[in-house]
Structure formats: C-alpha cells, structure tokens
Amino acid sequence: MPLHATQPLPRHFYSRPTQTVARELLGCRLVRQVNGTRLTGVIVEAEAYIGESDLACHAKAGRTPRTAVMYGPPGFAYVYFTYGMHWMLNVVTEEKDFPAAVLLRAIEPLEGIKVMQRLRGGKDLRLLGNGPARLTQALGISRAENGLDLCVSESGLWIEPGERLPSGRIAASPRIGLGQTPEPWLSKPWRYFVDRSPFVSR
DNA sequence: AGCACGATTAACT
DNA sequence: GTTAATCGTGCTC
C-alpha cells in the first residue's frame, strides 16, 4: 500500500451546492479501474446543472426513468446517451430529491494513456479527453456505469482529491452546447475550467 | 405510433 | 466555417 493511499471523495463532498462541487472538482483525479487496469486523468472542465428550474438541465422534464438517478443521493454517476452515439458522465450533487449534477467535460490524461489511446482509436494526447464524449470513450464508460456509486472503489469508477488549484487558474463561462435554451439559463456562467489548460474542450 | 431534438464529434468545404 | 451520423427520450396525436 502507498504511504498516502488515495480514497474516493466522500459523499459529503458532493452534497453541497452544485457550482461549488463543479469548481472544486477541477484538479481532482477521475479514476476508472477495470480488471486491475487503472485509467486516470485530472479533471480540467466541468459544468453545473441545477434543478428543475434550470431549463438547460435534463431535470426540467421532471422525474422520468432517465433522470431518476439525479433525484437520488449525491455521489452517484448519471450517464446518459445523446446525439444517437455519445455517452456523457455526470456526478449527482446536492441532497436526495433535489435533481442536480456536474457534467465532466474534460480530463488531462495521466495513467493508462496507451489503453485510452486504444479506446479512442489512437489519438493525440490532447484529443483523448478534451470533450464530454471523448472522455467517456477514453475511459470505457457507457450505459452500464449509470447509477454507480462513486464513493466506493468497488464501482471501478471514482474521483480522488488532487492538487489544490490556485483560484487564479480557475475560469468560468456559459455552458457549452445549450442550443435554444432560453435566458437566463443560456448565459449562466456555470462552466468551470482550468485557465490555459490545453486539455479543455473546444 | 410518430415526431423533433439533443449537455457532440469527425469530417468535410 | 458547415454538416452528417444516429437513436433514446419526452411530447403530441
């Protein structure tokens, strides 16, 4: 065992305001472990989706089979399918029965890079995780991971604390890809990213 | 049962 | 800069 064995972030990390969780997830390490293979990357971009009133959040449609996980306790994975081909990974936040989550949009690859390149079709390092669908592809995440508990390592998917980022390196902007979402939700600065990181999306 | 659209990406012009 | 790919989801009829 390493002297300072890293543990999954505890549930109380996630049971806080979603913007706070999104911001503090930057710099943390997303871990995917399957059959002893460890794939990790530092989270460099994340977005907050907050409740039924947020018209960019899937929970705007209320409680449905798809959004059920967001209504559950914090610290669980909400994985959904979109555009007929892509999977997105979110972490459920806030208290049970309040639907909110953080979309993980980009990682800086750290461990298991060769495996990630194979999963992504042999791409350049910065193209492995610089987008929400690329990230899930690099880590082999899809339908089966929806609803996993990220607070126990047995799930094979969790987040570990990382180096604390100076506040000057954290930037915010409107969320990406919201299409015809009305104001004010379209412009809410709920996308957080590591300023000047070459591993953020777009 | 049918329809419009999507928290995107890769491959174009 | 534009656009096709591709199908689950939620809404309307």
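Here is the naming used below: chain letters follow the sequence lines, and residue numbers restart at 1 for every chain.
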Quick one: does NZ or CZ of A:Arg175 land under 6.0 Å from the six-membered ring centre of A:Tyr49, within 45 degrees of the ring axis? yes
Using Watson-Crick and G-U wobble pairs with both distances under 3.5 Å, what is the 5'-to-3' dot-bracket string of DNA chain B, with [ ] for crossing pairs and | for pairs outside the strand? ||||||.|||||.
When the distance from CH2 of A:Trp87 to C1' of C:dT6 is rounded to whole Å, what number comes out? 13 Å
Integer angstrom distance from the C1' of B:dA7 to that of C:dG1: 23 Å
Counting primed atoms, P, OP1 and OP2 as sugar-phosphate and everything else as base, the B/S/- map of nucleotides 7-13 of chain B against protein heavy atoms under 4.0 Å is BBSS---
Go through the structure and list residues passing salt bridge (Lys or Arg N to Asp or Glu O under 4.0 Å) with A:Arg29, not counting sequence neighbours. A:Glu111
If you look only at pairs with a residue in residues 131-182 of chain A, which of them pass as a ring-ring contact (aromatic ring centres under 6.0 Å, His included), with sequence neighbours excluded? none
Could you list the residues that satisfy salt bridge (Lys or Arg N to Asp or Glu O under 4.0 Å) with A:Asp97, not counting sequence neighbours? A:Arg63
Sequence-distant partners of A:Gln33, side-chain hydrogen bond (donor to acceptor under 3.5 Å, both in side chains), two or more places apart: none
What pairs meet the salt bridge (Lys or Arg N to Asp or Glu O under 4.0 Å) rule with one or both residues in residues 187-200 of chain A, with sequence neighbours excluded? A:Glu45-A:Arg191
Among pairs that include at least one residue of residues 123-144 of chain A, which meet ring-ring contact (aromatic ring centres under 6.0 Å, His included), considering only residues two or more places apart or in two chains? none
Residues at least two apart in sequence or cross-chain that pass side-chain contact (heavy atoms from CB on, under 4.5 Å) with A:Glu183, listed by chain then number, are A:Leu186, A:Ser187
